[in-house]
Amino acid sequence: MLQKNNLIKNLSNGVTAYLLVFSYAVCLAGSLQLNIWYALTTAVISVIISTSLKNQVLAPDTFFTVPLLLVLSSGTNALLPFCVIGGGLIYSAFNKKCEKITLHPAVKGALSLSLAFSVTALLTTHYFGIGAEGFTVIEILKTYRSLGFHPNWRGVFFGTVTLFAMITYPFKFKKANKYFPAEAFSLVLPLLLNLILNPDREYTPITEASNLVGFINESSISFFLPFFNDEFLFSHSAYISAFQSALALGILLLFFSPQKTRTDSQGTATVLNGISGGFPVRAYEIRGYSLISAVFAVLLIVYSCFFSDDILARIPLHSLAVVLIVSAWKQVPFKALGNAFKSGVLSIISLLLIFAVSIFTNIFITLLVAIIFNSLLALLEKCKGGAKNG
């Protein structure tokens with residue numbers, strides 16, 4: 001009886017891991033106009049490597065991924081694998097050596113705020129169905145201004161339902177959230193509403209994640225590996241962008257991965273995901289995750305991709321974007337922001353300038369500025385400490 005209960009518990013944890021990891025993978029693949037191969041490989045690699053962790057599971061993280069693409073001046077997803085592999089290798093190489101890295105509250109607050117705002121700026125076009133284009137925050141904002149505010153209100157309805165679910169569900173249903181994560185619930189709800197309100201996909205009035213389907217039928221290369229465009233691969237600017245993006249990702253992983261989840265497994269999963277074209281990951285809490293849980297999660301992921309891709313394609317793109325936006329804002333340490341405004345004038349100036357730089361440039365430049373201010377603030381505090389001791 002005890003063995004049977006343990007088996008049920010392991011299978012239950014596998015379902016939870018599947019719902020969490022696959023939800024994020026689908027959101028990122030759909031929002032970045034990638035096919036379901038990216039969701040499949042990222043989710044499978046993540047849940048398998050998660051068996052090396054205790055009570056945690058690795059899942060794709062928009063906090064790192066979406067701003068990463070803002071660095072790519074060409075705006076092509078063909079560079080994504082190079083950036084993720086490079087970032088994962090940098091993280092793996094310096095993870096143990098940089099355990100004592102600390103960010104000043106102003107710098108940490110400014111960077112996290114910049115990342116969340118970047119995610120919001122880039123994905124608001126999907127939330128409202130505006131059709132804006134651009135690969136830096138300022139480009140996106142300029143496009144919004146030129147297009148005017150002409151949202152798809154039916155799509156906004158689905159996005160707002162998702163927004164409400166993502167915010168309220170974890171608080172109202174804390175116990176249920178441990179087994180059926182808010183990320184999955186916030187996608188299932190608008191999917192069911194869309195199937196009821198818009199049963200005919202040929203005449204749906206909203207934008208759906210239709211790009212997810214067809215990865216087997218198109219061409220063999222889209223099934224085995226991401227498609228690389230030679231025009232970008234042999235472009236000098238593409239290599240520079242890829243290097244900047246990889247370096248930015250590696251630093252972000254070191255800065256924002258909590259100490260207790262900064263394991264070699266996170267770096268390994270990120271590198272392997274990059275090889276398959278997928279995304280960097282973050283560790284999320286799941287109690288009692290085991291090898292049996294991972295195997296069951298893999299089976300569910302594979303089944304969903306091969307036999308439910310048509311259903312997944314009916315998820316409103318508006319909802320996919322909102323899940324990522326809310327998830328990014330959940331990573332913002334608002335306590336650090338509050339402390340920054342209590343730490344003096346230089347601290348406030350640092351926060352505001354770093355945020356301003358992120359709007360007009362990219363994450364790579366923003367990180368360089370943040371590191372400079374972090375050094376200045378550390379030096380200032382050291383001088384103050386020396387003066388007090390003197």
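Positions are given from 1, in the same order as the sequence printed here. We use all heavy atoms of the structure for the numbers below, so side chains are in, but hydrogens, waters and symmetry mates are not. Keep in mind it's a predicted model, so treat the numbers as computed, not measured.
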Discussion item. Is the ring pair Phe173/Tyr169 parallel, tilted or perpendicular, if the boundaries are 30 and 60 degrees?
Written reply: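 Rings of Phe173 and Tyr169: tilted, 30 to 60°.
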Decide yes or no on side-chain hydrogen bond (donor to acceptor under 3.5 Å, both in side chains) for Ser327 and Thr62, but give the supporting numbers first. CA-CA 7 Å; Ser327 298; Thr62 179; over 6 Å; no
Checking [Y] against [X]: is there a side-chain donor and acceptor pair closer than 3.5 Å?
| X | Y | answer |
| --- | --- | --- |
| Ser257 | Tyr91 | no |
| Thr160 | Tyr127 | yes |
| Ser358 | Thr366 | no |

Quick one: pull up [atom1] in [X] and [atom2] in [Y] and give me the separation to the nearest 0.5 Å.
| X | Y | atom1 | atom2 | value |
| --- | --- | --- | --- | --- |
| Thr270 | Ile275 | OG1 | CD1 | 11.0 Å |
| Leu189 | Phe164 | CG | CZ | 10.0 Å |
| Glu208 | Phe158 | CD | CZ | 8.5 Å |
| Leu113 | Leu351 | CG | CG | 7.0 Å |
| Leu103 | Phe373 | CG | CZ | 14.5 Å |
| Thr268 | Ile45 | OG1 | CD1 | 11.0 Å |

Are side-chain heavy atoms of [X] and [Y] found at a separation under 4.5 Å?
| X | Y | result |
| --- | --- | --- |
| Thr125 | Thr143 | no |
| Ser23 | Phe185 | no |
| His126 | His318 | no |
| Glu183 | Leu19 | no |

Next item on the list: Assess whether side chain to side chain contact (heavy atoms under 4.5 Å, CB included) is satisfied between Val44 and Leu40, documenting all intermediate values.
Entry: CA-CA 6 Å; Val44 168; Leu40 170 67; 4.0 Å; yes
Consider only side-chain heavy atoms of I, L, V, M, F, W and Y, link residues closer than 4.5 Å, and tell whether [X] and [Y] are in one cluster.
| X | Y | answer |
| --- | --- | --- |
| Val295 | Ile286 | no |
| Leu20 | Leu299 | no |
| Leu353 | Val345 | yes |
| Ile372 | Leu379 | no |
| Leu352 | Ile349 | yes |

Please indicate whether [X] has more than 12 foreign heavy atoms, meaning atoms of other residues, nucleotides or ligands, lying under 6.0 Å from its [atom1].
| X | atom1 | value |
| --- | --- | --- |
| Phe243 | CZ | no |
| Lys330 | NZ | yes |
| Arg201 | CZ | yes |
| Phe334 | CZ | yes |

Just by modelled atom types, is the [Y] backbone N or O under 3.5 Å from a matching donor or acceptor in the [X] side chain?
| X | Y | value |
| --- | --- | --- |
| Ser347 | Ala340 | yes |
| Thr42 | Ala39 | no |
| Asn152 | Pro205 | yes |
| Arg287 | Lys178 | no |

Closest heavy-atom contact between [X] and [Y]?
| X | Y | result |
| --- | --- | --- |
| Ala110 | Ser114 | O-OG, 2.7 Å |
| Ala297 | Gly14 | CB-O, 3.5 Å |
| Leu312 | Ser304 | CD1-O, 3.8 Å |
| Thr162 | Ser319 | OG1-OG, 2.8 Å |
| Val21 | Leu58 | CG2-O, 3.3 Å |
| Ala43 | Ile301 | CB-CD1, 3.6 Å |

Exercise. Have a look at Ser290 and tell me which of Asn6, Asn10, Asn13 forms a side chain to side chain donor-acceptor pair (under 3.5 Å) with it.
Key: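 Testing Ser290 for a side chain to side chain donor-acceptor pair (under 3.5 Å) against Asn6, Asn10, Asn13 leaves exactly one candidate, Asn10.
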Sequence neighbours excluded, which residues qualify as ring pair (Phe, Tyr, Trp, His ring centres under 6.0 Å) partners of Phe279?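 Phe279: no ring pair (Phe, Tyr, Trp, His ring centres under 6.0 Å) contacts found.
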Query - ring-ring contact (aromatic ring centres under 6.0 Å, His included) between Tyr284 and Tyr24, intermediate numbers included - result: CA-CA 12 Å; Tyr284 294 82; Tyr24 275 122; 5.5 Å; yes
